[in-house]
There are 4 protein chains.
Amino acid sequence: MTQSTPAAPVPNRRDRILDAALDVVSEQGAIRVTYRKIAAAAGVPLGSVTYYFDDLHQLLTEAYTRLAEAVSQRYRDLLDAARTSEEAQEAVVDIVCGEAWSSERDPLLTYELYAFAARNPELRTVMSNWLQSSREALARHFDPLTARALDALVEGFALHNYFDASPTSRADIAAIVRTVAERHKHPEPHP
Amino acid sequence: MTQSTPAAPVPNRRDRILDAALDVVSEQGAIRVTYRKIAAAAGVPLGSVTYYFDDLHQLLTEAYTRLAEAVSQRYRDLLDAARTSEEAQEAVVDIVCGEAWSSERDPLLTYELYAFAARNPELRTVMSNWLQSSREALARHFDPLTARALDALVEGFALHNYFDASPTSRADIAAIVRTVAERHKHPEPHP
Amino acid sequence: MTQSTPAAPVPNRRDRILDAALDVVSEQGAIRVTYRKIAAAAGVPLGSVTYYFDDLHQLLTEAYTRLAEAVSQRYRDLLDAARTSEEAQEAVVDIVCGEAWSSERDPLLTYELYAFAARNPELRTVMSNWLQSSREALARHFDPLTARALDALVEGFALHNYFDASPTSRADIAAIVRTVAERHKHPEPHP
Amino acid sequence: MTQSTPAAPVPNRRDRILDAALDVVSEQGAIRVTYRKIAAAAGVPLGSVTYYFDDLHQLLTEAYTRLAEAVSQRYRDLLDAARTSEEAQEAVVDIVCGEAWSSERDPLLTYELYAFAARNPELRTVMSNWLQSSREALARHFDPLTARALDALVEGFALHNYFDASPTSRADIAAIVRTVAERHKHPEPHP
DNA sequence: CATGAATGAGAATTCATTCAT
DNA sequence: GATGAATGAATTCTCATTCAT
């Protein structure tokens, strides 16, 4: 009840800061991220941020890694819940349509992540793991190449719809997904 | 005359600066772009950059717009050159495999562009136009939904292969492209 | 004169900053030197100091170099003014007793300079030139080895007297200087 | 007993810290010394350094004092070991040539010490004691003024040779030392 | 006794921007 | 029109120092 409660044993202060960093990125863009803004968003003193993270780059690397792993996990969960190929297709369409995002900010953050990862070896590894994990999840329902194709479709449709003034409808996406998912059910025209 | 050459009218100084800006973005990332670095990369004095561009944000918007239009144009050119559906499929695979990039830095810059565009209305419009232009180019060879599907596939495979430690081979991509491109040649199992 | 003095109303701003840096070093010690203090001492805005000097280390290197050259010049001047060996000896004693300092702060700054130079290749060169220059000035009056000896004596006595609670008197120093200066006037005991 | 070894009483942790401080000074310069670096160099936690030393300035004062006393002691030992004037001269030359340093870093640290002492009363006393101790050691072999002269010579030659691109050879130093040491063996030209 | 956590203050440095020429 | 000089405002990051344990 006195003036200052110094050194309060905040439990997940480090994690709070990482989350706050993503908040700032999503609200202002990676270009505008600063220690100060992260500290303010996390509700901790500036010195606290620099105490936990030696440099901003490392902080962002960790934050994006957490993001990638969370989205990746949700993606897997959705696919793992599918019992039949049809349910798996449904899950794929859900993912394209945003079901793998846990919040509004996620797609935007993902594009920031791609830009960041393009120049950051540590995050390239994370991205590569994410890709592999997605494929494995898909490969429980589809053959390996089909899994890759569906993964690419998901990525492309999600991205395009995010920017598209006239996005592709869910029904149309479902039709395309079916075409790819069931491509082996009919003989290929040319081998 | 010999004394002083009074500021030779440099022709495309403005364009040089825009290109230099993309060079800086590709080398250091959008987070690190500054007037000074752009000036250095363009080989012009700092005052020159601020003279031509009042605002760094506007400079980047112009630079990314040029990039988007250049890549988009190249994409259309590749598709327009195709005479048959098979050639068009080939062009699609070429694009995935990097033929639409005019330089090494382009894919990386594209991901920076997405992040930038996600928060910039002016560039969202550019992106949307790009999408529309791509589809129109594809629609000369495929039906509208197939065009969208192929466009998404291109985007997804290009992006995934950029980050993937074990990228999908050209032959595999070609197989998927064929499946999608020729999806109407056989009766669908279920409507 | 007629050329053009573009936007430089302040004549020697750069030099003013270098002098101010030495003022701060002499008043607070090298450990406490900061851009801010230098700016305050020079009466210029902080941004001005960083405009002229990219980093503090380079600023100090320049400042110390100027100091070394100024003291060295004064040393030479005193010796060059001597017409006879006796006058040269007198000059040497003067130097020990502080005549080569242009201000109170100089000896103190010199010891800061030594510490700084010990770890700075650029200043080691400056120091080495200073030594050579001193010797050449002395060598106009004495043989080369005697010049070195006198130079060492000057350094040692100046330094010791600076710290000594009971410094060596001018007369005693003069006696020693004479011994060394005239060491060839009598046969050496052993060759 | 097997459970926990309750903080083994580290014997000379305090001394370890003092030595580490000098290591940091010699490696990075006094300007860059910090508690953190000292802690790292000593291999102790940061809190340990601030626990033993309330004040960085005091820590450095103690460290430099130890250094001064160690060098001074070694200086005396070398001179005390001399049995004849010739041996004492030899010892003096040894000292100039670095025999009094117990490590490579010592000369460098000595110049940092001078800079530090110039502004620190406590260390001025240490320096003054060192000077007196040197003279007493020399005075066992030479008359008082000669002792002072030799002490100054040692200082000057050591310092100059440390910075000199073409240092004075041991033989030349020995010749000068002899001149000074034996200055009373022949009648002075002028009294 | 000893130390890890935490933080406020201040450091160097960078930079967009302004302005006189 | 074009540019070098200049500066105020941030920014990242370092650090001494303070506590709770």
Side-chain angles (χ1 to χ4, degrees), chain A residues 4-11 13-14 17 31-39 44-60, chain B residues 6-10 13-14 17 31-40 44-57 59, chain C residues 3-10 13-14 17 31-39 44-60, chain D residues 6-10 13-14 17 31-40 44-57 59:
Chain A
S4 57
T5 18
V10 181
R13 177 159 284 214
R14 203 166 185 285
I17 292 170
I31 306 184
R32 295 208 166 81
V33 176
T34 68
Y35 269 135
R36 285 167 153 71
K37 287 174 184 168
I38 293 171
V44 301
L46 175 56
S48 220
V49 182
T50 59
Y51 173 71
Y52 284 107
F53 301 94
D54 283 344
D55 69 66
L56 192 48
H57 196 262
Q58 187 53 35
L59 193 166
L60 289 174
Chain B
V10 180
R13 175 161 286 210
R14 205 165 182 287
I17 292 171
I31 306 183
R32 295 207 166 84
V33 176
T34 67
Y35 272 137
R36 285 167 152 72
K37 286 175 185 165
I38 294 171
V44 302
L46 171 59
S48 208
V49 182
T50 57
Y51 173 72
Y52 284 108
F53 300 92
D54 285 344
D55 185 342
L56 188 50
H57 198 261
L59 192 167
Chain C
Q3 281 287 79
S4 64
T5 19
V10 184
R13 176 161 284 217
R14 203 166 185 284
I17 292 170
I31 306 183
R32 295 206 166 82
V33 176
T34 69
Y35 269 136
R36 287 166 150 75
K37 287 174 185 166
I38 294 171
V44 301
L46 175 56
S48 218
V49 180
T50 59
Y51 172 71
Y52 284 107
F53 301 95
D54 283 344
D55 71 65
L56 192 49
H57 196 262
Q58 187 54 36
L59 194 166
L60 288 174
Chain D
V10 180
R13 176 162 283 211
R14 205 165 183 288
I17 292 171
I31 306 184
R32 296 206 166 84
V33 176
T34 68
Y35 270 136
R36 285 168 152 74
K37 286 174 185 166
I38 293 170
V44 302
L46 172 59
S48 207
V49 182
T50 57
Y51 172 72
Y52 284 109
F53 301 92
D54 286 343
D55 183 343
L56 188 50
H57 197 261
L59 193 166

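Source: prediction; values computed, not measured. Chain naming here is simple, since letters A, B, ... match the order of the sequence lines and numbering starts at 1 in each.
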Quickly work out the Asp55(B) CG to dT18(E) P distance and round it to whole Å. 11 Å

Looking at dA5(F), I'd like to know if its phosphate oxygens (OP1 or OP2) sit under 4.0 Å from a side-chain N or O belonging to Tyr51(C). yes

Measure from CD1 on Ile17(A) to P on dA5(E) and round the result to the nearest Å. 13 Å

The answer to which of Pro45(D) and Ser48(A) contacts DNA chain E further toward the 5' end, by nearest nucleotide, is Pro45(D)

Heavy atoms only, 4.0 Å cut-off, all strands: where does Val33(A) land among base, sugar-phosphate and nothing? sugar-phosphate

List for me each residue that meets side-chain hydrogen bond (donor to acceptor under 3.5 Å, both in side chains) alongside Ser48(C), sequence neighbours excluded, and say none if there are none. Arg13(C)

Ignoring hydrogens and geometry beyond distance, is the side chain of Arg36(D) in donor-acceptor contact with the base of dA16(F) at under 3.5 Å? yes

Atom CZ of Arg32(A) to atom C1' of dA16(E): distance rounded to whole Å? 13 Å

Presence of Tyr35(C) side-chain N/O under 4.0 Å of dA11(E) phosphate oxygens OP1/OP2: no

Separation of atom NE2 in His57(C) from atom P in dA12(E), rounded to whole Å: 13 Å

Taking any heavy-atom pair under 4.0 Å as a contact, classify Thr34(B): base, sugar-phosphate, or nothing. sugar-phosphate

When the nearest nucleotide of DNA chain F is assigned to Thr50(A) and to Thr50(B) on a heavy-atom basis, which residue is associated with the more 5' position? Thr50(B)

From CZ of Phe53(A) across to P of dT11(F) the rounded distance in Å is 19 Å

Kindly write out the residues that satisfy side-chain contact (heavy atoms from CB on, under 4.5 Å) with Asp55(D), not counting sequence neighbours, or none if the list is empty. His57(D), Gln58(D)

Nearest-0.5 Å distance that lies between atom CG in Leu59(A) and atom CD1 in Ile17(A): 7.0 Å

So, does Tyr35(D) use its side chain to make a donor-acceptor pair with the main chain of Thr50(D) at under 3.5 Å? no

In whole angstrom, give the distance that lies between atom CG of Leu59(B) and atom C1' of dA16(E). 13 Å

Arg13(A) side chain N/O closer than 4.0 Å to the phosphate oxygens (OP1, OP2) of dG4(E)? no

Applying a 3.5 angstrom cut-off to the pairing atoms, does DNA chain F sit in any stems of at least three consecutive Watson-Crick or G-U pairs? List them by first number. E:2-21 with F:2-21

For Leu46(D), answer base if it contacts any base atom (sugar-phosphate contacts may also be present), sugar-phosphate if it contacts only those atoms, and nothing otherwise; contact means non-hydrogen atoms under 4.0 Å. base

Would you say Val49(A) and Leu56(A) make side-chain contact, with heavy atoms under 4.5 Å? no

Val44(B) vs Tyr52(B) side-chain heavy atoms within contact, under 4.5 Å: no

Rounded to whole angstrom units, what separation is found between the CD1 atom of Ile31(B) and the P atom of dT11(F)? 14 Å

Check the distance between dC19(F)'s C1' and Asp54(D)'s CG and give it to me in whole angstrom. 15 Å

Assign each of Gly47(D) and Val44(A) to its nearest nucleotide of DNA chain E by heavy atoms, then name whichever residue's nucleotide is nearer the 5' end. Gly47(D)

